Amino acid sequence: MRCLIRAIFNYVKHSRVVLSSVVGFSHGGSLVKNFYKKSCRRAEAIVKEVTEENVANNPNLPAKLLRMHFHDCFVRGCDGSVLLSSTESNTAEKDAVPNQSLAGFDVIDAIKEKVEKECPGIVSCADILALAARDSVTYKFKKPTWDVLTGRRDGTVSLISEALLNIPSPSSNFTKLKNTFARKGLNVHHLVVLSGGHTIGVAHCNFFSDRLYNFTGKGDQDPSLDSNYAEFLKSKCSPNDAGATTVEIDNNSSLDFDTNFYKILKENKGLFQSDAALLTNKVARNTVGELVDRDTFFKEFAQSMKTMGAIEVLTGTAGEIRNKCSAVNS
Ligand code: HEM
Ligand SMILES: *[C@@H]1O[C@H](CO)[C@@H](O)[C@H](O)[C@H]1NC(C)=O
Ligand SMILES: *[C@@H]1O[C@H](CO)[C@@H](O)[C@H](O)[C@H]1NC(C)=O
Ligand SMILES: *[C@@H]1O[C@H](CO)[C@@H](O)[C@H](O)[C@H]1NC(C)=O
Ligand SMILES: *[C@@H]1O[C@H](CO)[C@@H](O)[C@H](O)[C@H]1NC(C)=O
Ligand SMILES: *[C@@H]1O[C@H](CO)[C@@H](O)[C@H](O)[C@H]1NC(C)=O
């Protein structure tokens, strides 16, 4: 009898593990720390080296790779699908409108090439991207400020339509953002914390210029936007800027991974409507207030990145290990 109970218990326990790895909502799912320790001992070191060489010459790279990792995870999970190029018969995620200014693909390719030389066919592009995003952002801190679990495998599908469906629009209201994140198993806390990614990087005027010139279609300005900041943005972005000009998302501090994003957000100087929307919900607004504190932000960002990095991951024998990150294996 006891044996039977134990067997059932084990079965239930086991199936729960399997379920969580399929769904991928869990904190890390079936990913592990240093997955390549035995199979490719220097994998993580190589990613770090090549990433750091590139960041040293290009301070904008951390923002590019962080955003690319986010886009990867929100479409079909963190499976490297964002890295795939379009083919004759398929238009890939990469070519969707929200891809504007996605960059750093060459860096991922360079890392992959070096890793392949050392251990061919072992290390996934999805893991390389997750690691490189972390290593680029934390380069300045001389030590990693979040852990990246590994063991992801690469997907074989990348569709423009799925990018359009899953990548949140910068004009989203709070409800919309909450739902977009919920579909990925992320809650409001994750939403507010991960929006802190906007502490680095730049944005094209066309993603927010309606807030300056034509908010409700009557030639008006978004009343929730600080009016001095709006004037400043207008001086940068003409009404018909079709995406040629960029401004810092986190005004004054776009190269520093810090809490200034939350500080200016509270002053109604969040650049996107989707940033400002975080103030329209009481719970989210309270979280914004808490994240101004540096230690709190770093701790929470580390946790939320771990959760984001585990969205719908492919593990075990699912998917493949791509030979080149831009194309599925033939
Ligand atoms: C909450 C929903 C989000 C929306 C609506 C959103 C939207 C956008 C938009 C429109 C841009 C400007 C792109 C351009 O003009 O080139 C941008 C940039 C950026 N986003 Fe987000 N984003 C969101 C969440 C996130 C998350 C979760 C992260 C990472 C954790 C992130 C990281 C970044 C970074 C680093 C940039 C700057 C990229 C660069 O400098 O090229 N975003 N985002
Ligand atoms: C983004 O998509 C456009 C087409 O919509 C394409 O011309 C451009 O090359 C893409 N950008 C990247 C970085 O893939
Ligand atoms: C939020 O936006 C959605 C469309 O994206 C819209 O249907 C909904 O009514 C909006 N909610 C509020 C409270 O404005
Ligand atoms: C403002 O938006 C409305 C409705 O979308 C449009 O008809 C109008 O032409 C726009 N005005 C300007 C100046 O772009
Ligand atoms: C934004 O930053 C620019 C450049 O540092 C500065 O001139 C401007 O005053 C800032 N805008 C606001 C509203 O703080
Ligand atoms: C940017 O810097 C200027 C000058 O130091 C300051 O007046 C302004 O408030 C800053 N802007 C933001 C959004 O913090």
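Every number for a ligand or one of its atoms is a count from 1 in the order of the listing. The structure displayed is predicted, hence computed values, not measured ones. Numbers here are sequence positions counted from 1.
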### Summary
A student comparing Glu248, His204, His198 should find that the heavy atom closest to atom 32 (C) of ligand 1 comes from His198
### Task
Kindly indicate whether atom 7 (O) of ligand 3 is approached by any protein heavy atom to under 4.0 angstrom.
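For atom 7 (O) of ligand 3 the answer is no, since every protein heavy atom stays at 4.0 Å or beyond.
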### Message
Quick test: of every protein heavy atom, which one is nearest to atom 14 (O) of ligand 4, and how far off is it to 0.1 Å?
### Response
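Here the nearest protein heavy atom works out to Asn214 ND2, 3.4 Å.
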### Task
May I ask you to identify the nearest protein heavy atom to atom 4 (C) of ligand 4, giving residue, atom name and distance to one decimal place in Å?
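Looking only at protein heavy atoms, the one closest to atom 4 (C) of ligand 4 is Gly217 CA, 3.9 Å.
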When you measure from the heavy atoms of [X] to every atom of ligand 1, does any distance fall below 4.0 Å?
| X | value |
| --- | --- |
| Phe208 | no |
| Leu102 | no |
| Ser172 | no |

### Query
Hey, which atoms in ligand 3 end up nearer than 4.0 Å to a heavy atom of Lys176?
5 (O)
## Note on the structure
Taking only non-hydrogen atoms of Asn173 and a 4.0 Å limit, the atoms of ligand 3 in range are 1 (C), 2 (O), 3 (C), 8 (C), 10 (C), 11 (N), 12 (C), 14 (O)
### Query
At their closest point, which heavy atom of Leu65 faces which heavy atom of Ala103, and how far apart are they?
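Taking every non-hydrogen atom into account, CD2-O, 4.4 Å.
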### Task
Indicate the ring-plane relationship of Phe272 and Phe207, choosing parallel, tilted or perpendicular according to the 30° and 60° boundaries.
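Perpendicular: the ring planes of Phe272 and Phe207 meet at over 60°.
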### Task
Please confirm whether Phe257 and Phe301 have ring centers closer than 6.0 angstrom.
yes
